[in-house]
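Single-structure report; data block below.
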Amino acid sequence: MNDLWGLHDDGFGDVARPSPIGPRGDGIPEHLLAGLNRPQREAVEHRGPALLIVAGAGSGKTRVLTHRVAGLLATREAWSSQILAITFTNKAAAEMRERVEHLVGEEARGMWIRTFHSACVRILRREAEEFGFKESFTIYDSGDVRALIKRLIKQRGADIQGLTPGSVSARISKLKNELHDVDSWARTVSLENPLDAAFLELWRDYDAELRRANAFDFDDLISQTVFLLRAFPRVAAQYRKRFRHILVDEYQDTNAAQYALIRELTKPVTRAELPELRGDLPGASLTVVGDSDQSIYAFRGADIRNITDFERDFHDARVIMLEQNYRSTQNILSAANAVIGNNFDRRAKNLWTDSGDGAKIIGFTGYSGHDEAQFVADEIVELTSGGSMSYSDVAVFYRTNAQTRALEEVLIRTAIPYKVIGGTKFYERAEIKDAMAYLITVANPDDALSLRRIMNVPKRGIGPATEAALQAHADEHRISLRDAMRRVDEIALGPKVAAAIKDLAALLDEFSARPEADPGEVLRELMSRSGYTDQLRRSPDPQDAARLENVEELVAVTREFRRQNPAATLLDFLTETSLVAAADELDDSGGQVSLMTLHTAKGLEFDAVFITGIEEELLPHRMAAQEPGGEAEERRLFYVGITRARQRLHLSLAMTRAQFGEVNPAAPSRYLEEIPAGLIDWRTPPSTMRAPSGQRAVGRWRDEPRESFVTGYRDSPKPLPKAPKKEFANMITEVRDNSAMVLEPGDRIRHKDFGEGRVQAVTGLDKKRVAEVLFDGAGRKRLLIKIAPIEKLSP
DNA sequence: AGTGAGATAATTTTT
DNA sequence: TTATCTCACT
């Protein structure tokens, strides 16, 4: 049913069936058209080679897309196996499949609804042998890539030239997204430049390492698929013949490689390529949905021209605009329109709704990020206390992951359940990477990176020197590192080390020989027989107990995977886990507030939205503001955030922002001024705020000339009070445990920040006891008694 | 080979 | 602030 794991049949078989009759959109059953507005209906009904649906935020594009697909199936214009729908996240794919199934039932089986990356993995696995890879290839995530490049840089001593893992991997990624390969790029660049020359060497090494490890990086998945289709016309023809309808969501975020992939797949098929055809076949019908105002992935190579030039690129293209918004109130839309209107160079578009103005946008300026977080928490309590809104209807957005700290602190203290979407992901934890590395090594014995990771984890006495000896042996005999381990007798090593190596190799080989085994069982056995779990269990470090739990959690995840996909292999599991996106983690059922970056927020919607940290240097981010087009992209990011809100929108900022321990002044974002003043109800507007020292807040507001203000600030750099207070606060948080404190309604207490107040009510049990306190100065707050910085005053 | 103290570098967004 | 790296010591 729910195909999150996407393991549907490959069904190349039914391509041979006679093609259904089409193309005729007018036979679409009425229930698929009912309730659609005019342009939406047109978008569902239109038939032709190319269709661009310009879908403003909240304009019902998912609905249009699903109904369009359902229409194709219901009228028998297409078999499900002839449809390829591409989304950006697995969650979006699963949702789309579910909705189409809901509309047409069983008919939906066999459709390819997947992300670019997972569709490409599918193709690459099937055709791997064709061009010199093994079907068992594994996928390197950005952490793996970094680690690998770091080693290569060190090996070559290239670090002295200022090449860092970050810069090299970013550059390789960018070039791959532009469909360059090492050789083609080498021809275009002058090697006079020593930096380019060094980079080229590294890239060559890197690709060689990947190939040797039978692995692809994220960017390879797309570009290699394109190369494959170009190099093997017969293979390409099979896919072109199969997919008669291709639909692409979030088209504005496609990069050059993804564009090329679409192009390849939509080319006509001739009998010359595929003799069994009765006649030539026109290219697949292409439908793309997108909104150039929501293009926020330029840093990842997304090219806005893909959507702006669509009509020129694809012949006979039809363009349909969806502008009526069904999500947000008019106030929210007006703010969004005003902000995005400052981006020149865009097709004019105006979102509107007929559902009324709604509440005003609420603005807040805090003294610090902490203060701002407190505002967020207070508002969430307010919104959810009436019972009209639940925690899962609320989301908090921020530009950088680092901003979560203050928010989490306050939310915990206020006992508001929350979930951070993305950020430090489960799969990025060291112990999870270790466990995954064991699995990868089993599935893909050539993967030296994973093997190196686990070689001495847990400690087996295989140190760097031994590893180097193994590697040297492997290089000398042109065998893999794994083979070198098997042939450890050929190397002069101590008997203890040699035995450890042999044991490990034997353990891994045992499971490599059973690729069809239950992944959950494999993992459990690997963890216990390798000594990994024992090592954690015996450790006195309390953190290791948590790590052990995480490993057990992974085993449970693996088991669940197998339960849902009984035929799934270890390789299937690894593929799926390497392609999970942040948004996939969202669990609608949980009663939790969602915290996420503005990037992750795209495609989602919530009743109430908080956008935090709307400050210069943060939004626009200082790094992005430098890049060409960066300022406009950051504005789009803000726009995306605003348009996620259905009912309530909160915009907040702080006058000081702490980053790596240091407190810095912050100025209101330039984008804030772009929202008409009448739309925002400022609790505390930026202009009236004073710095804690009594000095005027940093930055400018409205009429104030920016230049003079900034200069003015520089002239009197006044350090903010911090040092002693901070130390104190830290000590307190570590030692504090108020669980013994008994509070009852009517008690007087004193809070570190809020001053004195009277307890109104106490709810919850044990560690989760929450006191509702009416403070004399700070109003009503909810506090988690166990950890709140409070003391009870004698009555 | 393994450990730990102390230095030091890094933080934009992500499939 | 945190994660990672280096180097000296066991």
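All chains are named by letter (A, B, ...) in the order of the sequence lines, taking the proteins before the strands, and each is independently numbered beginning at 1.
Looking at heavy-atom distances under 4.0 Å, A:A465 makes contact with sugar-phosphate atoms alone, never a base. Across all strands shown, A:T466 has heavy atoms under 4.0 Å from sugar-phosphate atoms exclusively, and none from any base. A:D141 comes within 4.0 angstrom of nothing in the nucleic acid, heavy atoms only. Within the nucleic acid shown, A:F116 has no heavy atom closer than 4.0 Å to any nucleic acid atom. If you check every strand for non-hydrogen atoms under 4.0 Å, A:E627 touches a base.
When the P atom is used for both B:dT13 and C:dT4, the distance is 16 Å, rounded to whole Å.
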Practice prompt. Dump the intermediate steps for ring-ring contact (aromatic ring centres under 6.0 Å, His included) on A:F299 and A:H599, then the final yes or no.
Written response: CA-CA 12 Å; A:F299 72 90; A:H599 281 89; 5.5 Å; yes

Worksheet entry | Worked check of salt bridge (Lys or Arg N to Asp or Glu O under 4.0 Å) between A:K176 and A:D207 | CA-CA 11 Å; A:K176 285 187 174 178; A:D207 270 7; 3.2 Å; yes

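Here B:dG2 is the nucleotide among B:dT12, B:dT13, B:dG2 with the atom lying nearest to any side-chain atom of A:K459. Of the candidate nucleotides B:dT11, B:dT15, B:dA1, B:dT15 has the atom nearest to the side chain of A:R300. Listed candidates were B:dT14, B:dT12, B:dT15. Nearest to the side chain of A:S142 is B:dT15. Comparing C:dT2, B:dT15, B:dT11 by their closest approach to the side chain of A:R146 singles out B:dT11.
The closest donor-acceptor contact from the side chain of A:S295 to the backbone of A:S292 lies at 3.5 Å or more, if one exists at all.
What separates CZ of A:R657 from C1' of B:dT11 is a distance of 14 Å, to the nearest Å. Between A:D217 atom CG and B:dT14 atom C1' there is a gap of 14 Å when expressed in whole angstrom units. As a whole-Å value, the separation of A:I462 CD1 from B:dA1 P is 10 Å. Atom-to-atom, CE of A:M455 to C1' of B:dA1 comes out at 15 Å; the value is rounded to the nearest Å. Nucleotide B:dT14 holds its C1' atom 17 Å from the NZ atom of A:K174, rounded to whole Å. Rounded to whole Å, the distance from CZ on A:R405 to C1' on C:dT1 is 5 Å. Taking atom CZ of A:F397 as the reference point, atom P of B:dT13 lies 16 Å away to the nearest angstrom. One can place CD1 of A:I296 at 12 Å from C1' of B:dT12, the figure rounded to the nearest angstrom.
With A:Y297 as the aromatic partner, A:R300 meets the cation-pi criteria of under 6.0 angstrom to the ring centre and within 45 degrees of the ring axis.
Along DNA chain B, the nucleotide nearest A:T400 and the nucleotide nearest A:N456 are compared for position; the residue whose nucleotide lies closer to the 5' end is A:N456. Ranked by how close their nearest DNA chain B nucleotide is to the 5' end, A:T164 and A:F218 are led by A:T164.
Contact annotation: A:N255 does not reach the phosphate of B:dT15 (side-chain N/O to OP1 or OP2, under 4.0 Å). OP1 and OP2 of B:dT15 both lie 4.0 Å or more from every side-chain N or O belonging to A:T89. Between A:T597 and B:dT14 there is a side-chain N or O to OP1 or OP2 distance below 4.0 Å. Residue A:N401 places at least one side-chain N or O closer than 4.0 Å to OP1 or OP2 of B:dT13.
Applying the salt bridge (Lys or Arg N to Asp or Glu O under 4.0 Å) rule to A:R263 yields no partners; only residues at least two apart in sequence or on another chain are considered.
Between A:E616 and A:R622, none of the side-chain N atoms (NZ, or NE/NH1/NH2) sits under 4.0 Å from a carboxylate O, so this pair counts as no salt bridge.
Stacking annotation: A:F299 is not stacked on the base of B:dT14 (requires ring centroids less than 5.5 angstrom apart and an interplanar angle below 30 degrees).
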